[in-house]
Every structure is written in structure tokens, then in C-alpha cells.
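Chain A is the first sequence line, chain B the second, and so forth, proteins listed ahead of strands; every chain is numbered from 1.
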There are 6 protein chains.
Amino acid sequence: MRQDGRKQNQLREVEIIPHFTKHAEGSVLISVGDTKVICTASIENRVPPFLRGQNKGWLAAEYSMLPRATGQRTIREAAKGKLSGRTMEIQRLIGRALRAVVDLEKLGEKTIWIDCDVIQADGGTRTASITGAYVALVLAVQKAFAEKTISAWPITDFLAAISVGILPEEGAVCDLCYSEDSQAKVDMNIVQTGSGDFVEVQGSGEEAVYTRSELNELLDLAAEGIDQLIHIQRPFLGEAASWIEEKKGT
Amino acid sequence: MRQDGRKQNQLREVEIIPHFTKHAEGSVLISVGDTKVICTASIENRVPPFLRGQNKGWLAAEYSMLPRATGQRTIREAAKGKLSGRTMEIQRLIGRALRAVVDLEKLGEKTIWIDCDVIQADGGTRTASITGAYVALVLAVQKAFAEKTISAWPITDFLAAISVGILPEEGAVCDLCYSEDSQAKVDMNIVQTGSGDFVEVQGSGEEAVYTRSELNELLDLAAEGIDQLIHIQRPFLGEAASWIEEKKGT
Amino acid sequence: MRQDGRKQNQLREVEIIPHFTKHAEGSVLISVGDTKVICTASIENRVPPFLRGQNKGWLAAEYSMLPRATGQRTIREAAKGKLSGRTMEIQRLIGRALRAVVDLEKLGEKTIWIDCDVIQADGGTRTASITGAYVALVLAVQKAFAEKTISAWPITDFLAAISVGILPEEGAVCDLCYSEDSQAKVDMNIVQTGSGDFVEVQGSGEEAVYTRSELNELLDLAAEGIDQLIHIQRPFLGEAASWIEEKKGT
Amino acid sequence: MRQDGRKQNQLREVEIIPHFTKHAEGSVLISVGDTKVICTASIENRVPPFLRGQNKGWLAAEYSMLPRATGQRTIREAAKGKLSGRTMEIQRLIGRALRAVVDLEKLGEKTIWIDCDVIQADGGTRTASITGAYVALVLAVQKAFAEKTISAWPITDFLAAISVGILPEEGAVCDLCYSEDSQAKVDMNIVQTGSGDFVEVQGSGEEAVYTRSELNELLDLAAEGIDQLIHIQRPFLGEAASWIEEKKGT
Amino acid sequence: MRQDGRKQNQLREVEIIPHFTKHAEGSVLISVGDTKVICTASIENRVPPFLRGQNKGWLAAEYSMLPRATGQRTIREAAKGKLSGRTMEIQRLIGRALRAVVDLEKLGEKTIWIDCDVIQADGGTRTASITGAYVALVLAVQKAFAEKTISAWPITDFLAAISVGILPEEGAVCDLCYSEDSQAKVDMNIVQTGSGDFVEVQGSGEEAVYTRSELNELLDLAAEGIDQLIHIQRPFLGEAASWIEEKKGT
Amino acid sequence: MRQDGRKQNQLREVEIIPHFTKHAEGSVLISVGDTKVICTASIENRVPPFLRGQNKGWLAAEYSMLPRATGQRTIREAAKGKLSGRTMEIQRLIGRALRAVVDLEKLGEKTIWIDCDVIQADGGTRTASITGAYVALVLAVQKAFAEKTISAWPITDFLAAISVGILPEEGAVCDLCYSEDSQAKVDMNIVQTGSGDFVEVQGSGEEAVYTRSELNELLDLAAEGIDQLIHIQRPFLGEAASWIEEKKGT
């Protein structure tokens, strides 16, 4: 039994509020337990310089936490004038994860900007960001597809992310809250598709190491959690869910 | 009649959700029409260097907009590595406004950090920030007062802020939404106390000028609006409302 | 009687030295008491990106203080690598103020850069900057008009700025010197045209508040001071004074 | 057969030159094929603020590439004024990896700085950095231990890192050179100890995904490569190798 | 004959206005032809960290040009957020030059800040800065010496600086104005004491080279010019001139 | 006799390893005693904005030290986010020095980037950088000339640089190592061509001054050292040595 009464393989409660803000092409408030992230997807009619003239799109992600999303107030990165390594690492991860299920050639010369802003943090903000951002992305693309500014459906699979880790007492668990995360000897983030394939596996011993069999146990837990997350996301995708289901088969 | 059917002196709908996030000592989501701002107040047990050893507290404010709070996505100031002049101007205004109703000597060597993060913008974000932040401030101080980490009640009056302006057709109006704001020839922000005194009057002709009688008309509209805003804030202040009422009389 | 013997409505001595530096199209050294500011106006044959192709000009202002303009040496903003909020606020104010009396459409695709560099500070640097910059602006435009690089006269009114405030003993006064400014409970800056209209009203309670009748008293004092300042500026405007007078009537 | 004639599980030639520069407490030039990295370990008698007074040490890593380490000259991060996300990610990885085999409590209040400067790049610079830095670290600690400024032996295991990936034609391979890396559909970096435990597993699909059985194949390849790398490092560790061997058993 | 009618060894007109601004301990406006620089010396009661506790002072210099000191407006370094290499080079030169004639041990734990702000540029701004700053320095030290906050006279010699160069037609000349400077094939700056010793010799071929005999010719011209400059400075030093004269003899 | 047994006019041992890294068009590792610098020359097919369309090339230099090139680890400029004044000064010097022997018109619209990265420092890093960079430059140009991307031979003379200085006991010496440099009362860097002409003379008294006859002694020592350095460089220039010899005669 975990400190909040969950079983090892049990997710926290997940809630998704679509269309959370009015301006973005796609927007979602995702809550995973007490972690809450506003995820928006914005479509811009141009691409970064390195892609110009290739008739191909791009997807870029940015991540931030409000100063008082956390127990102690943190200093704004805008005030410090630079992004922390942690922020850079997370936004690179989010971008890479989502690009794995987008056929960029189908976008034309457009950039999709994903913004994940954590308004309350209780562990797993990067995985909640990916899981929420996937829904915002589908909403935005669906809108553009309906308006025919994107002419071929570009999203090729479902996608979600989860944290797993090894706790000193409870052993391997999924979806760690902050107090678990701060005790974990291994911290792993997995991004996986609806087909069960990996997009990203990132596992770090925290001043500790882990064995191959521990890794396998963590991957099993993650797979189970990802399945549930994709099940939760699906109703918010509307008819796009069936288009993605079809693509996934090819 | 204004474009959204309001009368000249009519506010947009105002909604305040207290305790919007769990970590901050005080927190509020304020909506003024489609403008939505998360306001938090955090209490820190130290003061900036220039106040050390004076047995006096401080209140500092920061303001930011999520990139997609607006119709067009804006670049994050953290990514650009510096704050815009507009942001600086607004956060200085918020801090100055709130400090006018806090007796800093009563705080002891504490800093209250006010964070205003606009999650959706439709005009009047700085005034909504002040109006919301005032409630977050009272909630935070109330908590510290209950926990006896602040020993004497420091808040000396009610406070709210409103925008007023002159439109080409409708003339003087209060609480401008974005589309009104972008046509206004004069843009004025007023911060006023429950006693009806001014804390701040900032009125700029936008490539235009205005007369003294126009100024008076705007100030009248603002006074009326501020009264209503304080009426809306009051239920969220709990028993602190009566303490403030008392102070106000002195 | 004020500490330097002035009456409540009495300006400090104002001196304007036109053509103070040789390279700028327009340049002035303005002294208001011990506050001394070099104001230059430079005309550049292009506009910022947001205005390109609109056949319209722009006016932008920058403000700075020499490190030892003040009693204590301040650190250069160039050395710190960023502008303070105060500097940003002031340069935005100067730009907005001057744009109110320039018909930007008449400039063609030109930018007028206003630079205000305070070489000695004794209160009221931002208002002295506006008052001096207005003269530099007229000199620069006059030169361009004579050389026919600007073909229609673009300046539509006279303009000056003044500080007013409320002192603990003396009450409402105009044109505060530094030692007055540091005691004032209200600090107000007014920018007004030759027609007596407001361009900018900015009044802040300094950890204090003020009433509507105090506001009115301050506005009366300001109007009187602005009239005198425009009277002082006028001889330096040469024949442009009569062109402006004419425009003003329309 | 791979493009350079290697077998799937074959490392490039690895060369380690110890004591490559004279000032650092430990220093190494490691070559892995054409990838060459100068790794130094510097011992400083203080710790970062967050650790002060805890009688515990720290290890921090920094990573950089010379501008012409690559086929195209890259702009210096010092000239741009900020670190890229890639650099931040890599230096966080190097630090985390090495801390996993250092008992920080045994260092006392010291910081070990690891600097990895790539002078020539041909793929796998982050893994070569970790493998080389481990040797530099042991040399530095050995010196401090001999001079008795570190009193208890703090290094708890051997450590090396390797890249593995999946190529379109050759399938799973280890130790990718740059031209392989740029075609790989999966790119994985593994850091492992002499005991065969994982410190870090980071595998990213590059606009692609991978299956669990592909993951297993990659982990097998990595384990084999890490064993060989530790075998290559060992002679450079001198008598420290036996101390580490002992620790490892506990 | 030079373009402005001067002889090869003839200085432009030099004017020094002492006590140009009121706050600085020492301040001067120096004009060398059309080059005009405000030089101030400020005394601060602390030293930089690297000198703390050594009972020794420091002298640091900063240099800047107003944006419109030049024919074309230049962008402020404060706006760009960083100092140019040229600025850094010049302010290091000014600091080094003045430190050569100050006995830092005699200052006690004080820093003298030299600020040179060019308000109008016409060639030779760095040498005019040094020549003017020397006078400001002596004025500041004299004041502190009179007030007994500096107890032993620390300035050990006279000091001035001059530019010399080789023009395509006129050959070797001293004190180049801007239009000469932009044609010179060699540009040399010399800082020399009243005793005729060198503090600094910096001579650069501008995409050109120069011979030893050309160097000698330039050094002769410089020596002659420096003598005249020190003669011009002397009356502004008051009785300090005789104290310096005395020191110089030792 | 000097502390390391050298005579006053004796260089430290100089070693040049050409083609030290594989990607750069020209690359060299130069050792001057214990000072070691990697110098690369990279040719880029474009010029900076200020030269566009002039059918002329450019040469720019950058300089850096690895953090542990020195006895104490220094903080990376990339981590601090800005270049020090010393770095700026040195890279400007290197660029200016090399441009003096390159006929930029012969390059076409190309930029040659010189990168000097000090991997071990023991005094004289800037002069070793110039001496080494000259060889890297010739190698790169030779390659481009052979490949006919540069059609006329642009290098017009040999070039080397040396430090000279005055020590308290030994008097004037050449090629100072770090421990000599830190005691020197005069520190001078000379850049000279194969024809014996000066490109750059930079001599600073270090809180000291020097006489004309001392200057002459230093220049004599420098000339002797430069001759030897050019003699050492020559074999690495291949057949280009004779082309340069020829140019030099013109």
C-alpha cells in the first residue's frame, strides 16, 4: 500500500478539461492527482529557418511552471533571464515525444507550438504535460483539418507518458506523486504509443543504480499505465480517434 | 450601447475562485469577462537587502502572460531572456498599488510575493490582476495571522482597480474589453481604496489627447466601478473584511 | 515657503541650450534647477518592422542616467546587461508623450529617435526630459523640413511636462526637487499640450493615498507650470512656433 | 557489416592518454574512433550553497565542444551568451552518471568539477565524455587520497557509457559514429557500472518508435560494450582499481 | 598642412571645465577639438572582493558614448544588453593607465570609480578620456585628502594620453580627428607620465604594417604632445600640482 | 639566468603539430613551453553584413581557455553568459594581427574564422595563439587555393608574435612564462612580419612605467624572437612558404 492508499500499478485520478482557454487552436487543462497543467497547441503559418522551403512542418514545445506551482515559490526564469537545464530538458522531451506521432510532411510549412504551463505541481509534471499536450495537439489539428488548412491527416498514433520508479519500501510503482518522487532511488519516464511501442525511455538512478530485472518490472508497470491513460484521452479526441486508429494499423 | 451590449458604466461579469491552487498561502482565479488571471500571494521569511534589519516587511509583484493567453501566440519572456517594458511597468504598478494598503511595519521581516499570471487575455489584465491579487493577499495574510506568524493586522483598506477609456463612438466607458481597448483614444487605469481615495491614476492619450472634463467623466465612471468590484471581493475576504472595515475608519 | 524658498506654484529656473552637440539633427541641454539632461533627436530613414510598408513614421525614445548623475554612483545598465523597470517605464512615457503631438503619417517611412541622457539629477528627470526632448524634436524636424526630406509639417501642438506632488508640510507643490520628491506622499507627472489638453496623467500614492480634491489641486498647479514651460520653450522653436500655433488651431 | 567494416557489437578503437594537461588534479584525453574529448577533474574546497554545512561534497559537470570540433563550424555558446538545451542536457547527464558511483559523504565539503571539452566530434561525444571523465575522476581522487585531503575512499564502482542504436539496414549496433548516428531511427545512451547495473538508460525514437524486443537487443549490446570499456579503463586507474573492486563487492 | 590646417605636431584646441557636475567627488568636461567627454571620479568606501582585507584600494574605469555622440546614431549597449569589445578594451586601458600613477596602498580600502562618458565624438575619445579623467581623479583625491578620508597623498606623477598615426599624405601626425583617423594606416595611443615615462604604448597597423623608424617618429610626436597636455592640465590641479611634482622627484 | 635556466633572449621550446584535428580546413596544436593552444582556421562562404556585396573577404578570430587550462579552475564564459574584457581584447588582437598579412580582396566573399582554444596555459597564450593561428591560416588557404575556391594567393607576409617584459631581477627578457609574467613590471606583446615590420606593439606598465630605452631594449629582444619563430613555422607551410616569400618582396 502506498502513502496515499494506491496500489503499485494504480494511477492517480486523471481529469481532462478540453477547450480550457479560448484563443488557442487546441487547449486542455489536465489534472493528474494534484498536478495540473494547461496545455495549448498553436498553429503558425511558418517554419523555423532550417526547414524553410522543404514543404514540411515542425512541432516545438515549451514548458514552464508558475512560480507558486510548488511548495516553495521558485524564481521566474523570465526574471533570471535564462531557462534552467531542467526546463530545457523537459521541453526538448515534450517536443521529441509528440513529433514521433506526427507526420511532419503532411503539415505543410506550419509550426505547431505546444505550450505546457504547470499551474500546480505534485510530481510527474513532464509526463502529465505530454499526455495533456497530445490531446491539445489533436484538437488543434482537427480544427485545422476541418478548416482545410491541413489537407491530409498527420497524426499517426495515440500517445501518452507516465512516470514509474522504485521506492525504498513499496518497490516499483507507477505515477509517483511528489513525496514519492523525492524518495525514489530510480526515476523513469516512459512515452509510449497506442501500438505499445516506445517513443522515449529515460531512467536515472538517483545517486543509485538499478538492475535489468528492475528495469523490466518498471517497463511492465508503465505499459499498463499508458494503456489506461490512452483510454482516458480517447473520448476527448472525438472523431479523430477513429482516424488515428486507422493510421495506427498501417 | 457598447459592442457587447453593455452600458457605459457596466462592468463585465466578474468571478472569483478562491484557493485556486493548493500551495500558495493565498490564491485566486479571477475572471473579468474573458480575462482570466491566476493571482497568488506567497509569504517568505526574509526581505530584500535594502530593508534588512529594519524590522519592516516588503511586498513585491510579478506579472506574466501565458504565450497563448492572446489571439496570436507571443514569445515567452523566459525564452527571450528579458522582460518587456510593458511587463516591468505592470508589475511595478501592481506592487505599488498593493503596498498602499499594507502597513509594512506590521509584517516584520517578511516579503509577500504577488504573482499574477494571465491565462486568458481580453483587455484589462493589469486591473484584473490588482483586483484579484488583493483577495489573494488578504487570504495569505489571514492565514499567517491565524497562525500568528503575523501578529498585528496589517491591511488598512479595501482595494480594487479598473480601466476606463474614451471610445470613438460610445464615448467614456468603464472596463474595456480588448476590442474596445484597441480603439480607445484614451486609456486610463485607476486604483482606488474602499475609502474612495486614489492610489494610482494613469491616463494616456493613445496618439491623442483629452480634456479636463473628459478626465472628470472617466474618474466618475471609475469610482462607480471600483465600488462594485469591492462589493464583489468582500464575501471572499471572510472575517478579515470587518478588520479592514475597522482600520479604514482610523 | 518651500525649503529652497520657492512658492508652491513656482518652477525652478529653467535653461535651454539649443544645438548642444553637433552631430544630432536636433539637440538641447535642458536644465531645470540642478537637473540637467542632454536631449537629442535623430532621424533615421527606416521604420521598425511592425510599420514597414505603411508609409508612416515612428518615434522612439531612450532614457539613461550617467552613473554619477546622482548623489550615490549607480551601476551602469550596460554593465548589468539589462534595463531597470524604472528606465523602461520612463522611456516608454517619453515616447508616448511626444508621439501625441506628431502626425506620424506626415513623416514618411522615418524613425525619429529621442535620446535623453541625464548628466545631473535633482528630481524631475523624466519631465525635464520630455520638455527638453520636445525642443530637440522640433529642431530636428525643422531641419528635415528645410531640407525637404519631410514634406508636410508634422508637429501638431506644443508640449511640456511637469511633476507635482503633495509634501507633508507644504502641501501641493509643483516641480519637486530631489529632496522634496523623497518626502512626497503623492508623486504625479503631467504631460500637457499647448492647447491645455492632457497627454499623460500619472499619479501614484507612495505608500499613501490621495483624494479627488487633492488631485484637482495638483492638476491646477500642473496646468500653470506647463504654461510657463511652453512659454520658455517657444523662443527656441524659431519660425516653427508659428506653424505649430496654426496646427493647434485646427 | 557496418560502413566502416565493424561488426554490430564492435567498438571503435578507444585510446586513453592520462595526465593530458598539467594543472588539473585529474586529466585524460579519450579518443573513441575520431571522437576526442579532454576530460579534467578539479577539486575545489567548497560546496554549492544548497549543501553548505552538511559535511557532504558535490560533483558537477560541464560539457562543451570547440567550434570546429564538427564538420561545420558551430557558434560558441560563450559568444551567443547562453548554453543550448543540448549542452545542458549532456552536462546534467554526465554529472548524474558520475555521482552514482561517488559516495558524496566521503568527500567532505568539496566540489569535484568535471570538464569535458570535445576537440573533435564523430558521434558518441556524451558517452566518450562519461567514460573518459570517470578515469579523470579516479585520478583526481587518488591524488587527493594520497595527499590525505580526502580521508576515506569515495568511489564505489567502475563506470562507463556507450551509445547503441538501430540503423535502417544494419539493425541494432553499438558505438555509433556520426554518419551512423544521423541515420539511426533509435538513439540510446546507456551508463552502466562494473557490477552491470544501470545508472542511466536514455532511448529516443528519432521521429520513430521502437519495440520492447528492440529495446532488449540494444541493452544486450550495450552491456557487452560497457564491459569492454571498463576493461580498457582499468589499467589507467592504478591501484585504485583494486579499492574500487573491493567497494563494489560490498 | 593637415586638412584642418594644423601642423603635424599640433594639438587641437583643448578645454577643461572642472567641477562640471555637482555630485561627483571630482568631475571635468574635457574638449579636445570637437571631442567632448564628461569625466567623473567617485570614491566608494569598499573594494572589489579580490582585494578585501588587504588594506589597499582600487581604481576602476568605465567608458561609454551617448548614442548620438557620433555621426550615425549607435545602439545603446544597455539596450543590447552587453558591452562591445571596443568598450571593454577602452575601459580596461583607462583603468590601467590611471592606476600607474596611483599608489593604491595609500588609498586604504576604497575604490575610485572613473566614468568617462563621451557626449560628442570626433576621434581620440579614449585619449581625451584619460587626459580628462586624470584631472577628475586629482580633484576627487584632493577633496578626500582635505577631508582626511585619505591620509597620505597617493598620486605619484602627472599623466596624459594622446593619439598619433600615419596618414597616407601627411605622414606622421599627432592628435588625429575622426576623418584623419579613418584614413590612417597606423593608429597609436600613448599614455605617458610627467616624467616622460611610458605607461602604455598601443600601436596597430590597420590592415597595414609600420617600420621601427616610423614607430620612433610617432613616439617623438607623442612625447611632444603629452608635454603640452600636462601643461594644460596643471592649472586645474591647484596645490596638488606641487605635491605631485614632489612625489615625481622621488 | 632566468628561473627556468633560459637566457634573456631565449625562447621556450616551440612545437607545432599540423593537422591536429580533422574537420577544420587548417588546424595546428602549438606548444610554447607549457602553453598549448589548438588553433583552427575555418573557411565559410559568406561575409558579415557590413561587407556584403563588396567582393571582399573577412577574417575573424575567437579565443577561449578551457576552464582547467589554468592553475585554478576558471568559470566558463558560456556559463557566465558573457565574454570577459580580457577575452574580447585578445580576440580582437588576433584578428587584427592576421588581417594585416591577408589581402582580403583576394578572398572573395569568404570569412576565415580563426579559433584559438588554450588547453594548457603557462603565460603568452595570446602570442602563441597568433603564431599558431598563422600556420593554421596558411594551411587552410593552401587547401582552398589547391581546390581553386580561392583563386589568387592572398597571404602577403610571414607573421609571428612574442611577449617581452621587464623582470625585477633579470631585466628585459623574451617569451615570459606565467611565473615571470606575474612579476613583470612591463608586459609587452609584439606582432611582427617576416619583413621585420610591426603589426602590433602593445606595452603596458603593470602599476609601473618604463622608459624609452627600456622600450628599445624590448623591441630588440622581440625582433630576435620573432625571427626564430618564423624560422620554426616555415617548414609547416610547405610550398606556400615560397609564395609568401615572393609576395613579401613586392
| Between CD on residue B:Glu77 and CD on residue A:Glu77, distance to nearest 0.5 Å | 13.0 Å
| remark: So CG of A:Asp122 and NZ of B:Lys22: to nearest 0.5 Å the spacing works out to 4.0 Å
| said: Once rounded to the nearest 0.5 Å, what's the spacing between atom CZ of A:Phe20 and atom CD of B:Gln120? | reply: 8.5 Å
| query | Can you list the steps and then say if B:Lys82 with A:Lys82 is a side-chain contact (heavy atoms from CB on, under 4.5 Å)? | reply | CA-CA 8 Å; B:Lys82 59 178 176 179; A:Lys82 61 179 175 178; over 6 Å; no
| Shortest non-hydrogen contact from B:Ser42 toward A:Arg68 | OG-NH1, 2.9 Å
| Side-chain contact, heavy-atom cut-off 4.5 Å: B:Asp115 with A:Arg76? | yes
| task | Examine whether an atom of A:Ile38 lies under 4.5 Å from a heavy atom of chain B, and if so say whether it belongs to the side chain, the backbone or both; otherwise answer neither. | result | side chain
| field | Over 12 non-hydrogen atoms of neighbours within 6.0 angstrom of NZ in B:Lys80 | value | yes
| task | Verify, without hydrogens or angle tests, whether A:His23 (side chain) and B:Ala121 (backbone) share a donor-acceptor contact under 3.5 angstrom. | result | yes
| request: Let me know if A:Glu25 has heavy atoms under 4.5 Å from chain B in its side chain, its backbone, both or neither. | output: both
| request: Would you mind checking which part of B:Thr70 comes under 4.5 Å of any heavy atom in chain A, side chain (CB onward), backbone (N, CA, C, O), both or neither? | output: backbone
| Heavy atoms from other residues, nucleotides or ligands near CD of A:Glu13 exceed 12 (cutoff 6.0 Å) | no
| What are the two closest heavy atoms between A:Ala79 and B:Glu62, and how far apart are they? | CB-OE2, 4.2 Å
| request: Any chance you could measure A:Thr21, atom OG1, to B:Leu66, atom CG, to the nearest 0.5 Å? | output: 8.0 Å
| said: If you count heavy atoms of other groups shown closer than 6.0 angstrom to CD of A:Glu147, is the number above 12? | reply: yes
| Reported CE-to-CG distance for the pair B:Met65 and A:Asp117, which is rounded to 0.5 angstrom | 12.0 Å
